[in-house]
Amino acid sequence: MTEARRDASNLTMSTQGEIDMNFAQITISGNIGSEPEVRDVNGTKVANFSVAVNEGYTTKSGEKVEKTHWYRVEAWDGSNGKGLVSNVIEKYAAKGTTVFVQGFPIIEEYEKDGQKQRSFKVKLAGAGSTFRLASKGTSSEGAPQTGSPSTVDDDIPF
């Protein structure tokens, strides 16, 4: 008998009490919405930024609909100060950069004006996280990058 239980932050699977595995991961690819904010938390750098993911579809009536979904991302540096924030995000991530992110989904609960609120973010920390740069929003000179394709050398044997 296999049981599966899903809640907001994990998936627990158990087979007759022998295996108990917790796993939750979210994957997004989109553009960074504003310059990443880096702060120090007890000697560890933490970067916060948002990623815009565009969705487009056509309704049954033929109307084209475009939506943008925003995801908050919190990235943690390694304890040695030589991690994701120090080596990649601070140096290369900027507003407009296209990124690929895999991390742990976090739902935070808080109260605002006496009302319970929920907030969602993607946490990047540890070996289960992935952060890849797909493109830069601006070049090193500060000018926007053009979308021109790179030159292909037909003599390359692969």
Side-chain angles (χ1 to χ4, degrees), residues 2-15 17 19-61 63-140 142 144-145 147:
T2 301
E3 294 178 21
R5 178 180 54 100
R6 180 183 291 260
D7 64 29
S9 64
N10 69 28
L11 175 65
T12 302
M13 299 170 61
S14 62
T15 305
I19 299 173
D20 194 8
M21 181 177 115
N22 291 312
F23 180 80
Q25 188 172 38
I26 183 171
T27 302
I28 59 173
S29 180
N31 297 325
I32 295 178
S34 60
E35 295 299 320
E37 297 177 15
V38 178
R39 67 185 198 284
D40 184 277
V41 177
N42 298 323
T44 301
K45 287 185 179 181
V46 179
N48 288 286
F49 55 94
S50 58
V51 175
V53 177
N54 296 318
E55 173 190 17
Y57 60 92
T58 304
T59 64
K60 289 180 182 179
S61 64
E63 176 188 2
K64 291 187 178 187
V65 178
E66 296 286 330
K67 290 184 178 180
T68 301
H69 303 280
W70 289 93
Y71 294 87
R72 291 185 313 125
V73 179
E74 177 181 88
W76 288 76
D77 220 351
S79 59
N80 61 2
K82 296 183 179 180
L84 175 62
V85 177
S86 297
N87 289 331
V88 180
I89 294 175
E90 279 188 312
K91 293 179 182 179
Y92 305 108
K95 180 179 180 177
T97 303
T98 302
V99 295
F100 174 85
V101 176
Q102 285 182 317
F104 191 76
I106 303 288
I107 296 177
E108 299 173 319
E109 294 184 355
Y110 61 95
E111 270 195 45
K112 182 178 179 181
D113 300 328
Q115 298 287 328
K116 283 190 175 184
Q117 304 287 321
R118 286 186 171 183
S119 175
F120 179 83
K121 69 180 172 185
V122 180
K123 182 178 179 181
L124 303 178
S129 299
T130 302
F131 179 86
R132 294 192 178 141
L133 299 168
S135 73
K136 291 281 290 174
T138 58
S139 69
S140 59
Q145 279 189 330

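When reading the values below, keep in mind they use all heavy atoms of this one structure, side chains included, and skip hydrogens, waters and symmetry mates.
S86 and K45 make their closest contact through OG-CD, 3.6 Å (heavy atoms, listed as atom of the first residue, atom of the second, distance). For the residue pair G33 and W70, the shortest heavy atom distance occurs at CA-CZ3, 3.6 Å. In plain terms, the two heavy atoms of A52 and T68 that are nearest each other are CB-CG2, 3.7 Å. Nearest heavy atoms, I89 versus A47: CG2-CB, 3.9 Å.
From E109, atom CD reaches atom OG of S119 across 10.5 Å, with rounding to the nearest 0.5 Å. Between the OG1 atom in T97 and the OH atom in Y92 there is a gap of 12.5 Å [rounded to 0.5 Å]. For the atom pair CZ (F120) and OH (Y71), the distance works out to 7.0 Å, reported to the nearest 0.5 Å. Here CG of N31 is found 7.0 Å from CG of N54. Values are rounded to the nearest 0.5 Å. With rounding to the nearest 0.5 Å, the separation of OG in S50 from CZ in R72 is 9.5 Å. Of the inter-residue distances, the one linking K67 atom NZ with Y57 atom OH reads 3.5 Å to the nearest 0.5 angstrom.
Side chain of S129 to main chain of A125: a donor-acceptor pair is present (N/O by atom type, distance under 3.5 Å, no hydrogens or angles). For the pair Q102 (side chain) and I26 (backbone), a donor-acceptor distance under 3.5 Å is absent.
Heavy atoms of other residues, nucleotides or ligands lying less than 6.0 angstrom from CD of E37 number 12 at most.
Residues V38 and V85 meet the side-chain proximity criterion, which asks for heavy atoms closer than 4.5 Å. Here the side chains of F131 and L133 are in contact, with some heavy-atom distance below 4.5 Å. Residues V99 and V51 meet the side-chain proximity criterion, which asks for heavy atoms closer than 4.5 Å. Side-chain contact check for E55 versus E66: every heavy-atom pair is 4.5 Å or farther apart. The shortest side-chain heavy-atom distance between V122 and F104 does not fall under the 4.5 Å cut-off. Side-chain contact between L84 and W76: absent, with no pair of heavy atoms (C-beta onward) separated by less than 4.5 Å.
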Using the side chain to side chain contact (heavy atoms under 4.5 Å, CB included) rule, take T27 and V101 through it: C-alpha gap first, then chi angles, then the decisive distance, then the call. CA-CA 6 Å; T27 302; V101 176; over 6 Å; no
For a side chain to side chain contact (heavy atoms under 4.5 Å, CB included) check, start with the C-alpha distance between T58 and V65, then their side-chain angles and the critical distance, and finish with the verdict.
CA-CA 6 Å; T58 304; V65 178; over 6 Å; no
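Salt bridge annotation for E108-R118: absent, with no cationic side-chain nitrogen under 4.0 angstrom from a carboxylate oxygen. A salt bridge links E74 to K121: one of the charged nitrogens lies within less than 4.0 Å of a carboxylate oxygen.
In the model, T44 has no side-chain atom that pairs as donor or acceptor with a side-chain atom of D77 under 3.5 Å.
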